[in-house]
Amino acid sequence: MSNFWRGLSSTVGTKFLVGLSGAALVVFVIAHLLGNLQIYIGPEAINSYAAFLKSKPGLLWSARLGLLAMVIVHIWGISRLSLRNQDARPQAYALKKPVASSLSSRTMLPTGAILLAFVVYHLLHFTVGATHPQQFHLTDELGRHDVYSMMVLGFQQPLVAISYVIAMAFLGLHLAHGIASVFHSMGWSRPKTAPLLDLAGRVVALLVVIGNISIPIAALLGWIEPTQGAL
């Protein structure tokens, strides 16, 4: 058992854990986006989806706790690797010039920190209802949580919509490098496939950003309207 934990705490093991947790988080981001895009189908679709999730508290909380564990592992792993890199190069370069690295790869730590802060706000907004309680407690004609109106009303506030758009831009920057890094970290990448994986990561990141920012923009511009509680 000690050899097992020693292996996981090694550089290779830590990279594997970062890749594994990153893969789980990418799957969640895509699944979360697909769920949210049901807002374009109408109130019935997204309210039914939300009601279904709430009717399965065991599944829902298992997923939440699993995601929390993945976030903790991801942050721990990236921090550990970053500290090891600093220890291996204790003297800073006189002139730090990035070579053959992209903007997204050089900003993984700061974009990750910004996204963590955004996730906290996002949970307070749409999961806990602490920031806009009057919208959070809306119900539809069937007595279900009116997620449709809550989302539209929330995003009709310019500061909220703009903050989400900015956060999604950072998410895209993080994913553009992170998706390909999952394959590299877990040893699934080869020299011939590396460029294709990098391209795929950027394409998926772009699609995720477009899908996510389309919702606040559509609400802000009045392309989708709440069924109740209009501002």
Side-chain angles (χ1 to χ4, degrees), residues 1-36 53 56-89 100-120 122-123 127 167-209 211-212:
M1 184 62 70
S2 61
N3 290 334
F4 173 76
W5 290 114
R6 191 178 299 114
L8 286 181
S9 62
S10 67
T11 299
V12 174
T14 302
K15 286 183 177 180
F16 178 81
L17 290 176
V18 168
L20 181 63
S21 58
L25 294 173
V26 169
V27 169
F28 168 74
V29 165
I30 295 174
H32 187 60
L33 169 62
L34 294 176
N36 286 342
L53 292 179
K56 308 291 182 182
L59 177 63
L60 185 59
W61 277 103
S62 295
R64 286 173 174 173
L65 292 175
L67 283 170
L68 177 60
M70 291 298 100
V71 169
I72 292 172
V73 169
H74 202 65
I75 294 173
W76 169 82
I78 291 177
S79 301
R80 188 178 180 85
L81 291 173
S82 179
L83 289 174
R84 284 184 176 177
N85 289 337
Q86 292 177 11
D87 291 340
R89 192 183 63 242
S101 62
S102 64
L103 175 63
S104 58
S105 67
R106 299 194 303 271
T107 57
M108 290 297 284
L109 283 176
T111 56
I114 292 170
L115 289 173
L116 181 60
F118 165 74
V119 167
V120 173
H122 181 67
L123 291 174
T127 303
M168 290 306 101
F170 283 116
L171 175 62
L173 197 60
H174 198 78
L175 289 177
H177 176 72
I179 292 175
S181 293
V182 167
F183 294 90
H184 302 325
S185 299
M186 301 186 73
W188 296 341
S189 176
R190 298 293 181 268
K192 290 184 178 180
T193 60
L196 182 60
L197 291 174
D198 291 339
L199 176 60
R202 291 192 291 270
V203 171
V204 172
L206 180 61
L207 292 175
V208 168
V209 170
N212 276 319

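The structure displayed is predicted, hence computed values, not measured ones.
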[atom1] of [X] to [atom2] of [Y]: how many Å apart, nearest 0.5 Å?
X: Ile114; Y: Leu173; atom1: CD1; atom2: CG; result: 9.0 Å
X: Asp198; Y: Ile179; atom1: CG; atom2: CD1; result: 11.0 Å
X: Phe170; Y: Leu115; atom1: CZ; atom2: CG; result: 8.5 Å

Sequence neighbours left out, what pairs pass side chain to side chain donor-acceptor pair (under 3.5 Å) with at least one residue falling in residues 60-71?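 For residues 60-71, and leaving out neighbouring residues, there are no side chain to side chain donor-acceptor pair (under 3.5 Å) pairs at all.
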So, using side-chain contact (heavy atoms from CB on, under 4.5 Å) as the criterion, who are the partners of Thr193 when residues are at least two apart?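 So Thr193 forms a side-chain contact (heavy atoms from CB on, under 4.5 Å) with Ser189, Arg190, Leu197.
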Applying side-chain contact (heavy atoms from CB on, under 4.5 Å), can you list everything that pairs with Leu199, at least two apart in sequence or on another chain?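 Counting only residues at least two positions away or on another chain, Leu199 forms a side-chain contact (heavy atoms from CB on, under 4.5 Å) with Arg202, Val203.
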Side-chain donor-acceptor contacts of residues 16-25 below 3.5 Å, not counting sequence neighbours, with atom names and distances?
unit_1: Ser21; atom_1: OG; unit_2: Leu17; atom_2: O; d: 2.8
unit_1: Ser21; atom_1: OG; unit_2: Val18; atom_2: O; d: 3.1
unit_1: Ser21; atom_1: OG; unit_2: His74; atom_2: ND1; d: 2.9

Passing option when Leu175 is tested against Leu207, Val209, Val208 for side chain to side chain contact (heavy atoms under 4.5 Å, CB included):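 Filter result, single survivor: Val208.
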Distance-only criterion, 3.5 Å: show the donor-acceptor pairs between side-chain atoms of residues 27-35 and protein atoms not counting sequence neighbours.
unit_1: His32; atom_1: NE2; unit_2: Asn36; atom_2: ND2; d: 3.3

Where is the tightest heavy-atom contact between Ala176 and Ala205, given as atom of each residue plus distance?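 Closest approach of Ala176 to Ala205: N-CB, 3.6 Å.
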With sequence neighbours excluded, what pairs up with Phe118 under the ring pair (Phe, Tyr, Trp, His ring centres under 6.0 Å) test?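 Residues passing ring pair (Phe, Tyr, Trp, His ring centres under 6.0 Å) with Phe118: His122, Tyr164.
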